[in-house]
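By convention in this document, chain letters (A, B, ...) are assigned in the order of the sequence lines, proteins followed by strands, and residues within each chain are numbered from 1. All of these numbers come straight from a predicted model, not from anything done at the bench.
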Amino acid sequence: MAYWLLRSEPDVYGWDDLVRDGGTEWDGVRNATARIHLKAMQPGDQAIFYHSNKEKAAVGVMEITRAWRPDGPDDAWASVAVKPVAKLPKPVPLATIKAEPRLSDLMMIRQSRLSCSAVTPEEWAVLMELAGA
DNA sequence: GCCAACGTTGGC
DNA sequence: GCCAACGTTGGC
């Protein structure tokens with residue numbers, strides 16, 4: 001089982017939208033590095049939902065429910081299906097993540113604009129600890 | 001194939 | 001509103 005982090009602007013599609021929908025197709029990703037991660041995702045993997053922009057905090061945990069399929073008429077881009085698992089007891093703000101030495105290598109921190117990134121099991125455990133989960 | 005210019009994204 | 005980081009584009 002692998003861990004991931006998916007970023008979205010809450011104004012566009014946020015955690016509450018995901019809960020309302022009961023799951024969604026995570027599409028529209030147009031970045032080559034992010035696509036590598038999308039294509040590596042497997043059903044049962046877990047992913048943190050991170051709100052970018054105004055909120056800048058990890059807010060919930062999702063599960064990947066279906067491996068990638070083409071997003072568009074050809075194989076150029078990919079999308080996966082996700083469903084909400086649980087809201088984090090406490091959101092983890094970006095400032096907290098940055099202040100945590102054990103998260104200094106987090107892919108999202110090292111490459112700030114990446115919308116789909118990987119999280120190691122160790123980093124996942126730290127994030128859950130910070131979230132009070 | 002290189003690199004400068006430009007556009008986009010996200011944080012401050 | 002600004003700026004840094006990064007990706008893409010286009011001229012050479």
Side-chain angles (χ1 to χ4, degrees):
Chain A
M1 216 247 304
Y3 297 105
W4 311 98
L5 186 148
L6 298 174
R7 182 216 316 271
S8 178
E9 296 185 31
D11 288 349
V12 178
Y13 194 86
W15 174 259
D16 291 341
D17 298 308
L18 180 68
V19 171
R20 181 199 63 214
D21 295 344
T24 195
E25 187 72 20
W26 202 274
D27 56 11
V29 174
R30 294 294 180 270
N31 173 282
T33 308
R35 180 184 54 202
I36 291 170
H37 297 131
L38 283 176
K39 290 196 170 184
M41 293 178 192
Q42 295 296 325
D45 287 356
Q46 293 203 295
I48 285 174
F49 195 131
Y50 174 84
H51 279 171
S52 65
N53 230 298
K54 289 179 182 169
E55 193 169 341
K56 285 168 295 190
V59 294
V61 174
M62 301 183 282
E63 182 180 319
I64 310 300
T65 56
R66 196 210 64 239
W68 75 278
R69 73 177 182 205
D71 177 12
D74 53 33
D75 273 2
W77 300 109
S79 66
V80 299
V82 299
K83 70 174 183 185
V85 172
K87 191 174 188 172
L88 294 175
K90 291 184 296 181
V92 184
L94 181 63
T96 303
I97 294 173
K98 283 189 166 177
E100 170 55 60
R102 290 174 293 170
L103 296 177
S104 60
D105 279 336
L106 193 66
M107 197 179 288
M108 185 191 74
I109 298 300
R110 302 198 81 121
Q111 197 172 335
S112 59
R113 283 181 50 202
L114 191 56
S115 64
C116 308
S117 59
V119 178
T120 68
E122 292 78 16
E123 290 163 345
W124 184 273
V126 173
L127 284 161
M128 290 304 120
E129 174 192 321
L130 292 172

Residues of residues 51-61 of chain A with a heavy atom under 4.0 Å from any atom of DNA chain B, listed by number, are A:S52, A:N53, A:K56
Under a 4.5 Å cut-off applied to non-hydrogen side-chain atoms, are A:Y50 and A:K56 in contact?
-> yes
Interface limits on DNA chain C, where chain A has a heavy atom under 4.0 Å of a nucleotide atom | C:dA5 to C:dG7
Name the nucleic acid region contacted by A:L114, choosing base, sugar-phosphate or nothing; use a 4.0 angstrom heavy-atom cut-off, strictly under.
-> nothing
Look up atom CZ in A:R7 and atom NE2 in A:H51, then write down how far apart they are to the nearest 0.5 Å.
-> 12.0 Å
side-chain contact (heavy atoms from CB on, under 4.5 Å) between A:M62 and A:W4, worked out | CA-CA 9 Å; A:M62 301 183 282; A:W4 311 98; over 6 Å; no
Quick one: pull up SG in A:C116 and CG in A:L5 and give me the separation to the nearest 0.5 Å.
-> 9.0 Å
Please name the pair of heavy atoms, one in A:L38 and one in A:W68, separated by the smallest distance, quoted to 0.1 Å.
-> O-CB, 3.9 Å
Kindly state which residues belonging to residues 102-113 of chain A come within less than 4.0 angstrom of DNA chain C, counting heavy atoms of the residue only, listed by number.
-> A:R110, A:Q111, A:R113
Evaluate side-chain contact (heavy atoms from CB on, under 4.5 Å) for A:E25 paired with A:R69, printing each intermediate quantity in order.
-> CA-CA 10 Å; A:E25 187 72 20; A:R69 73 177 182 205; 3.5 Å; yes
dist A:M41:CE -> A:E63:CD (nearest 0.5 Å) comes out at 13.0 Å
Rounded distance (nearest 0.5 Å) linking atom CH2 of A:W77 with atom CG of A:D27 = 13.0 Å
What about A:M1 and A:V85, same hydrophobic cluster or not, with Ile/Leu/Val/Met/Phe/Trp/Tyr joined at side-chain heavy-atom distances under 4.5 Å?
-> yes
In terms of heavy-atom contacts, A:W15 and A:K87 come closest through CZ2-N, 3.5 Å
